[in-house]
**Q** 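Structure in C-alpha coordinates, see below.
Computed over heavy atoms, backbone and side chain alike; hydrogens, waters and symmetry mates excluded.
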Amino acid sequence: TFMSSGREDVDVRMLGSGRPFCVEVHNAKITDIDSNNLKVLECSIADVDVVNNKVLESDFMSEDKGDCEGEPKEEFHLHCERNSQRCDLCANFYKEENLAFKSQLIAVNSLMFINRHQLSILNDPNEINSKIKTYKALVYCKSQPSCDVIENVNSTINLTIAQMTPIRVLHRRALATRSRIIHSLQINCIDSSHYDLILETQAGTYIKEFVHSDFGRTKPSLCDLLRVECDLLELDVLNVDMEWPPTIG
(Lines give C-alpha, C1' and ligand atoms only; values in the text may rest on other atoms or scores of the structure.)
Protein backbone atom coordinates (compact mmCIF):
# COMPACT_ATOMS: atom_id res chain seq x y z
CA THR A 1 0.00 0.00 0.00
CA PHE A 2 1.42 3.36 -1.07
CA MET A 3 0.48 6.48 0.94
CA SER A 4 1.67 10.01 0.26
CA SER A 5 1.23 13.54 1.53
CA GLY A 6 -1.08 14.91 -1.15
CA ARG A 7 -0.63 14.61 -4.88
CA GLU A 8 -0.12 16.68 -8.01
CA ASP A 9 -1.26 16.53 -11.62
CA VAL A 10 0.69 14.21 -13.90
CA ASP A 11 2.43 17.15 -15.61
CA VAL A 12 3.79 18.63 -12.34
CA ARG A 13 7.30 17.79 -11.12
CA MET A 14 8.09 17.18 -7.45
CA LEU A 15 11.52 18.71 -6.75
CA GLY A 16 13.37 19.82 -3.62
CA SER A 17 13.61 17.20 -0.88
CA GLY A 18 10.68 15.27 -2.33
CA ARG A 19 7.14 14.36 -1.32
CA PRO A 20 6.63 12.60 2.03
CA PHE A 21 5.37 9.05 1.50
CA CYS A 22 5.05 5.67 3.14
CA VAL A 23 4.88 2.13 1.75
CA GLU A 24 3.26 -0.68 3.73
CA VAL A 25 4.21 -4.17 2.58
CA HIS A 26 1.61 -6.86 3.26
CA ASN A 27 2.59 -10.49 3.78
CA ALA A 28 6.27 -9.63 3.39
CA LYS A 29 8.50 -12.58 2.54
CA ILE A 30 11.67 -10.80 3.67
CA THR A 31 11.60 -9.02 7.04
CA ASP A 32 15.26 -9.01 8.02
CA ILE A 33 16.08 -5.60 6.54
CA ASP A 34 18.53 -3.11 8.01
CA SER A 35 19.48 0.49 7.20
CA ASN A 36 22.15 -0.62 4.73
CA ASN A 37 19.52 -2.48 2.69
CA LEU A 38 17.36 0.64 2.61
CA LYS A 39 20.25 2.77 1.41
CA VAL A 40 21.03 0.36 -1.40
CA LEU A 41 17.34 0.40 -2.30
CA GLU A 42 17.46 4.19 -2.61
CA CYS A 43 20.31 3.90 -5.08
CA SER A 44 18.61 1.11 -7.00
CA ILE A 45 15.46 3.15 -7.66
CA ALA A 46 17.12 6.20 -9.19
CA ASP A 47 19.07 6.37 -12.42
CA VAL A 48 21.46 8.81 -10.79
CA ASP A 49 23.08 9.77 -14.09
CA VAL A 50 19.76 11.17 -15.33
CA VAL A 51 17.94 12.26 -12.16
CA ASN A 52 20.84 14.08 -10.53
CA ASN A 53 23.04 14.66 -13.60
CA LYS A 54 26.12 14.31 -11.40
CA VAL A 55 27.04 10.64 -11.02
CA LEU A 56 27.92 8.55 -14.07
CA GLU A 57 26.96 4.90 -14.33
CA SER A 58 30.60 4.07 -14.96
CA ASP A 59 31.50 5.36 -11.51
CA PHE A 60 29.79 2.36 -9.97
CA MET A 61 31.95 0.02 -12.05
CA SER A 62 35.27 1.70 -11.37
CA GLU A 63 38.05 -0.08 -9.55
CA ASP A 64 38.25 2.69 -6.96
CA LYS A 65 35.70 1.62 -4.37
CA GLY A 66 36.92 4.01 -1.70
CA ASP A 67 38.05 3.00 1.76
CA CYS A 68 34.69 2.12 3.29
CA GLU A 69 35.45 -1.63 3.44
CA GLY A 70 32.03 -2.70 2.24
CA GLU A 71 30.08 -0.28 4.43
CA PRO A 72 27.95 2.22 2.47
CA LYS A 73 28.88 5.86 2.53
CA GLU A 74 26.09 7.69 4.36
CA GLU A 75 26.31 10.90 2.33
CA PHE A 76 26.20 9.08 -1.00
CA HIS A 77 23.41 6.67 -0.26
CA LEU A 78 21.03 9.21 1.17
CA HIS A 79 21.22 11.56 -1.79
CA CYS A 80 22.94 9.59 -4.58
CA GLU A 81 25.18 12.53 -5.41
CA ARG A 82 27.32 13.78 -2.55
CA ASN A 83 30.20 11.32 -2.45
CA SER A 84 32.45 10.49 -5.38
CA GLN A 85 33.76 7.35 -3.65
CA ARG A 86 31.81 4.11 -4.06
CA CYS A 87 31.64 1.22 -1.64
CA ASP A 88 31.71 -2.51 -2.46
CA LEU A 89 28.08 -2.89 -1.37
CA CYS A 90 26.82 -0.55 -4.08
CA ALA A 91 29.31 -1.66 -6.70
CA ASN A 92 28.26 -5.29 -6.35
CA PHE A 93 24.59 -4.33 -6.47
CA TYR A 94 24.94 -2.41 -9.71
CA LYS A 95 26.96 -5.17 -11.39
CA GLU A 96 23.87 -7.37 -11.16
CA GLU A 97 20.67 -7.20 -13.21
CA ASN A 98 19.12 -4.71 -10.76
CA LEU A 99 20.73 -1.97 -12.83
CA ALA A 100 18.14 -2.48 -15.57
CA PHE A 101 15.24 -1.51 -13.31
CA LYS A 102 16.47 1.95 -12.34
CA SER A 103 14.22 4.91 -13.10
CA GLN A 104 15.17 7.99 -15.08
CA LEU A 105 12.44 10.10 -13.51
CA ILE A 106 12.16 9.14 -9.85
CA ALA A 107 14.54 9.26 -6.88
CA VAL A 108 13.93 8.62 -3.18
CA ASN A 109 15.91 9.57 -0.09
CA SER A 110 15.98 9.02 3.68
CA LEU A 111 14.21 5.65 3.67
CA MET A 112 13.53 4.37 7.20
CA PHE A 113 11.07 2.29 9.20
CA ILE A 114 8.24 4.07 11.04
CA ASN A 115 5.46 3.02 13.40
CA ARG A 116 1.71 3.53 13.04
CA HIS A 117 1.72 6.63 15.24
CA GLN A 118 4.26 8.28 12.95
CA LEU A 119 2.28 7.16 9.92
CA SER A 120 -0.80 9.00 11.21
CA ILE A 121 0.98 12.30 10.46
CA LEU A 122 0.38 11.74 6.74
CA ASN A 123 -3.41 11.54 7.22
CA ASP A 124 -3.89 13.96 10.11
CA PRO A 125 -6.52 16.56 8.99
CA ASN A 126 -4.94 19.23 11.20
CA GLU A 127 -1.55 18.57 9.65
CA ILE A 128 -2.99 18.66 6.14
CA ASN A 129 -4.86 21.94 6.63
CA SER A 130 -1.86 23.70 8.16
CA LYS A 131 0.67 22.43 5.62
CA ILE A 132 2.39 24.97 3.36
CA LYS A 133 3.60 24.08 -0.13
CA THR A 134 6.06 26.04 -2.25
CA TYR A 135 5.63 26.11 -6.02
CA LYS A 136 7.51 27.52 -8.97
CA ALA A 137 5.48 28.30 -12.09
CA LEU A 138 6.29 29.53 -15.56
CA VAL A 139 3.53 32.00 -16.45
CA TYR A 140 2.56 33.50 -19.80
CA CYS A 141 0.97 36.96 -19.83
CA LYS A 142 -0.94 38.14 -22.88
CA SER A 143 0.23 41.71 -22.22
CA GLN A 144 2.97 43.10 -20.02
CA PRO A 145 1.88 44.12 -16.51
CA SER A 146 3.23 47.39 -15.17
CA CYS A 147 6.15 47.51 -12.76
CA ASP A 148 3.93 49.07 -10.08
CA VAL A 149 1.42 46.24 -10.36
CA ILE A 150 4.17 43.60 -10.12
CA GLU A 151 5.68 45.34 -7.11
CA ASN A 152 2.29 45.42 -5.44
CA VAL A 153 1.73 41.70 -6.10
CA ASN A 154 5.17 40.85 -4.73
CA SER A 155 4.25 42.52 -1.44
CA THR A 156 1.12 40.38 -1.06
CA ILE A 157 1.00 38.34 2.16
CA ASN A 158 -1.63 35.86 3.33
CA LEU A 159 -4.11 36.51 0.53
CA THR A 160 -7.39 34.62 0.98
CA ILE A 161 -8.92 33.33 -2.26
CA ALA A 162 -12.17 31.52 -3.03
CA GLN A 163 -11.98 28.61 -5.44
CA MET A 164 -14.94 26.83 -6.96
CA THR A 165 -14.28 23.22 -7.85
CA PRO A 166 -12.26 23.42 -11.09
CA ILE A 167 -14.04 22.45 -14.28
CA ARG A 168 -11.34 19.87 -15.05
CA VAL A 169 -12.14 17.86 -11.87
CA LEU A 170 -15.91 18.35 -11.66
CA HIS A 171 -16.43 14.79 -12.87
CA ARG A 172 -14.86 13.45 -9.66
CA ARG A 173 -15.15 16.25 -7.09
CA ALA A 174 -18.28 17.73 -5.56
CA LEU A 175 -19.22 21.25 -6.60
CA ALA A 176 -18.16 23.56 -3.77
CA THR A 177 -16.36 26.81 -3.05
CA ARG A 178 -13.23 26.39 -0.96
CA SER A 179 -11.28 29.09 0.84
CA ARG A 180 -7.49 28.88 0.53
CA ILE A 181 -4.58 31.11 1.55
CA ILE A 182 -1.75 32.32 -0.69
CA HIS A 183 0.93 33.06 1.90
CA SER A 184 3.37 34.84 -0.43
CA LEU A 185 3.97 35.67 -4.10
CA GLN A 186 7.14 36.58 -5.97
CA ILE A 187 7.08 37.39 -9.69
CA ASN A 188 10.27 37.74 -11.71
CA CYS A 189 10.29 38.93 -15.31
CA ILE A 190 11.92 36.69 -17.96
CA ASP A 191 10.74 38.73 -20.94
CA SER A 192 7.69 40.85 -21.78
CA SER A 193 5.44 37.76 -21.97
CA HIS A 194 7.01 35.20 -19.61
CA TYR A 195 7.43 35.34 -15.85
CA ASP A 196 8.70 33.10 -13.07
CA LEU A 197 6.25 32.85 -10.18
CA ILE A 198 7.29 31.55 -6.75
CA LEU A 199 4.41 31.13 -4.35
CA GLU A 200 3.76 29.60 -0.94
CA THR A 201 0.23 28.33 -0.51
CA GLN A 202 -2.02 26.43 1.82
CA ALA A 203 -2.24 22.76 0.89
CA GLY A 204 -5.20 22.05 -1.36
CA THR A 205 -4.86 25.21 -3.44
CA TYR A 206 -5.50 24.72 -7.15
CA ILE A 207 -2.46 26.52 -8.57
CA LYS A 208 -3.37 26.28 -12.25
CA GLU A 209 -6.77 27.80 -11.57
CA PHE A 210 -5.25 30.52 -9.39
CA VAL A 211 -3.09 31.55 -12.33
CA HIS A 212 -5.66 31.56 -15.15
CA SER A 213 -8.82 32.00 -12.99
CA ASP A 214 -10.70 29.02 -14.51
CA PHE A 215 -13.16 31.32 -16.28
CA GLY A 216 -13.53 33.45 -13.17
CA ARG A 217 -14.18 30.54 -10.81
CA THR A 218 -11.14 31.49 -8.67
CA LYS A 219 -11.26 34.95 -7.08
CA PRO A 220 -9.00 36.76 -6.89
CA SER A 221 -6.71 35.09 -9.42
CA LEU A 222 -3.30 36.08 -10.72
CA CYS A 223 -5.13 37.56 -13.72
CA ASP A 224 -7.01 39.84 -11.32
CA LEU A 225 -3.87 40.81 -9.43
CA LEU A 226 -1.79 41.56 -12.53
CA ARG A 227 -4.77 42.98 -14.49
CA VAL A 228 -3.81 40.97 -17.56
CA GLU A 229 -4.74 37.58 -19.00
CA CYS A 230 -2.43 34.83 -17.71
CA ASP A 231 -1.88 31.15 -18.32
CA LEU A 232 0.36 28.54 -16.73
CA LEU A 233 2.98 26.80 -18.90
CA GLU A 234 4.97 24.78 -16.35
CA LEU A 235 4.61 23.95 -12.66
CA ASP A 236 7.03 22.47 -10.12
CA VAL A 237 6.65 21.73 -6.43
CA LEU A 238 9.73 22.98 -4.60
CA ASN A 239 8.83 22.02 -1.05
CA VAL A 240 6.20 20.39 1.16
CA ASP A 241 6.48 21.85 4.65
CA MET A 242 6.27 18.71 6.75
CA GLU A 243 8.68 17.05 9.16
CA TRP A 244 9.38 13.86 7.28
CA PRO A 245 10.77 11.35 7.96
CA PRO A 246 9.24 11.92 11.42
CA THR A 247 11.44 12.24 14.46
CA ILE A 248 11.96 8.95 16.25
CA GLY A 249 11.53 9.01 19.99
**Q** Has the side chain of Asp9 got a donor or acceptor atom that lies under 3.5 Å from a matching backbone atom of Asp11?
**A**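 Absent.
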**Q** Is there a side-chain contact between Leu138 and Asp196 in this structure, where contact means two heavy atoms from C-beta onward sitting under 4.5 Å apart?
**A** yes
**Q** Please name the pair of heavy atoms, one in Asn152 and one in Ser155, separated by the smallest distance, quoted to 0.1 Å.
**A**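 Closest pair (atom of Asn152, atom of Ser155, distance): O-OG, 2.7 Å.
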**Q** Is Phe2 atom CZ crowded by more than 12 heavy atoms from other residues, nucleotides or ligands, each under 6.0 Å away?
**A** yes
**Q** Rounded to the nearest 0.5 Å, how far apart are NZ of Lys39 and CG of Asn36?
**A** 5.5 Å
**Q** What heavy-atom pair brings His212 and Cys230 nearest, and what distance separates the two atoms?
**A** CB-O, 3.4 Å
**Q** From Glu229 CD over to Ser143 OG, what is the distance, rounded to the nearest 0.5 angstrom?
**A**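 Rounded to the nearest 0.5 Å, the CD-OG separation comes out at 7.5 Å.
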**Q** Heavy-atom count check: over 12 atoms from other residues, nucleotides or ligands less than 6.0 Å from Ile30 CD1?
**A**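 For Ile30, atom CD1 is not crowded (no more than 12 foreign heavy atoms under 6.0 Å).
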**Q** Measure the spacing between CZ of Phe210 and CG of Leu225 and express it to the nearest 0.5 Å.
**A** 5.0 Å
**Q** Less than 3.5 Å apart, which donor and acceptor atoms pair up between the side chains of residues 231-240 and the rest of the protein, not counting sequence neighbours?
**A**
residue, atom, partner, partner atom, Å
Asp236, OD1, Arg13, NE, 2.9
Asp236, OD2, Arg13, NH2, 2.8

**Q** Does Val139 reach the side chain of Leu226, with side-chain heavy atoms less than 4.5 Å apart?
**A**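 Val139 does not reach Leu226 side chain to side chain.
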**Q** Under 4.5 Å between any side-chain heavy atoms of Ile33 and Leu41, yes or no?
**A**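 Side chain of Ile33 against side chain of Leu41, heavy atoms only: no contact under 4.5 Å found.
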**Q** Check whether the side chains of Thr205 and Arg178 place a donor and an acceptor atom closer than 3.5 Å, and report yes or no.
**A** no
**Q** Should Tyr195 and Pro145 count as side-chain neighbours, where that means a heavy-atom distance under 4.5 Å?
**A** yes
**Q** So do the side chains of Ile207 and Lys133 get within less than 4.5 Å of each other, counting heavy atoms only?
**A**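 A side-chain contact under 4.5 Å is absent here.
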**Q** Any donor and acceptor pair, going by atom type alone, linking the side chain of Glu42 with main-chain N or O of Leu111 inside 3.5 Å?
**A**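 Yes, Glu42 side chain to Leu111 backbone: donor-acceptor pair under 3.5 Å.
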**Q** Using side-chain heavy atoms (C-beta onward) and a distance below 4.5 Å, is Leu222 in contact with Ile187?
**A**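 With C-beta onward as the side chain, the pair touches.
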**Q** Would you kindly confirm whether Leu170 and Phe215 end up in one hydrophobic cluster when ILVMFWY residues are joined by side chain heavy atoms under 4.5 Å apart?
**A**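 Hydrophobic grouping puts Leu170 apart from Phe215.
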**Q** Output the distance between atom CG (Asp34) and atom CZ (Phe113), rounded to the nearest 0.5 Å.
**A** 8.0 Å
**Q** Looking only at non-hydrogen atoms, find the nearest pair between His183 and Thr201 and report the distance.
**A** CD2-C, 3.7 Å
**Q** Measuring only between side-chain heavy atoms, which start at C-beta, is Glu24 closer than 4.5 Å to Met3?
**A** yes
**Q** Looking only at non-hydrogen atoms, find the nearest pair between Gln186 and Asn188 and report the distance.
**A**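 The answer is NE2-OD1, 3.8 Å.
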**Q** Going only through I, L, V, M, F, W and Y residues with side-chain contacts under 4.5 Å, is there a path from Leu197 to Tyr140?
**A** no
**Q** Got a donor-acceptor contact below 3.5 angstrom from the Asn158 side chain to the Ile181 backbone?
**A**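 Pair absent, no side-chain N/O of Asn158 close to backbone of Ile181.
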**Q** Do Val12 and Leu15 share a hydrophobic cluster, counting only Ile, Leu, Val, Met, Phe, Trp and Tyr and linking them when any side-chain heavy atoms are less than 4.5 Å apart?
**A** no
**Q** Thinking salt bridges, do Arg180 and Glu209 make one under a 4.0 Å N-O criterion?
**A** no
**Q** Ignoring hydrogens and angles, tell me if any N or O in the side chain of Thr165 forms a donor-acceptor pair with the backbone of Ala174 under 3.5 Å.
**A** yes
**Q** Does the side chain of Tyr206 reach to within under 4.5 Å of the side chain of Thr218, using non-hydrogen atoms?
**A**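 No - every pair of side-chain heavy atoms lies 4.5 Å or more apart.
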**Q** Enter the distance from Ser179:OG to Gln163:CD here, rounded to the nearest 0.5 Å.
**A** 9.5 Å
**Q** Supply the atom-to-atom distance Lys219 NZ to Ser213 OG, rounded to the nearest 0.5 angstrom.
**A** 7.0 Å
**Q** Taking Ile157 as the starting point, is it possible to reach Ile161 by hopping between hydrophobic residues whose side chains are less than 4.5 Å apart?
**A** no
**Q** Is the number of heavy atoms from other residues, nucleotides or ligands under 6.0 Å of Arg116 CZ greater than 12?
**A** no
**Q** If you count the non-hydrogen atoms of other residues, nucleotides and ligands that lie under 6.0 Å from NZ in Lys208, is the total more than 12?
**A**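 Atom NZ in Lys208 is crowded, with more than 12 foreign heavy atoms closer than 6.0 Å.
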**Q** Answer yes if Val23 and Val108 sit in the same cluster of Ile, Leu, Val, Met, Phe, Trp and Tyr residues linked by side chain heavy atoms under 4.5 Å apart, and no otherwise.
**A**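 In one cluster with Val23: Val108, yes.
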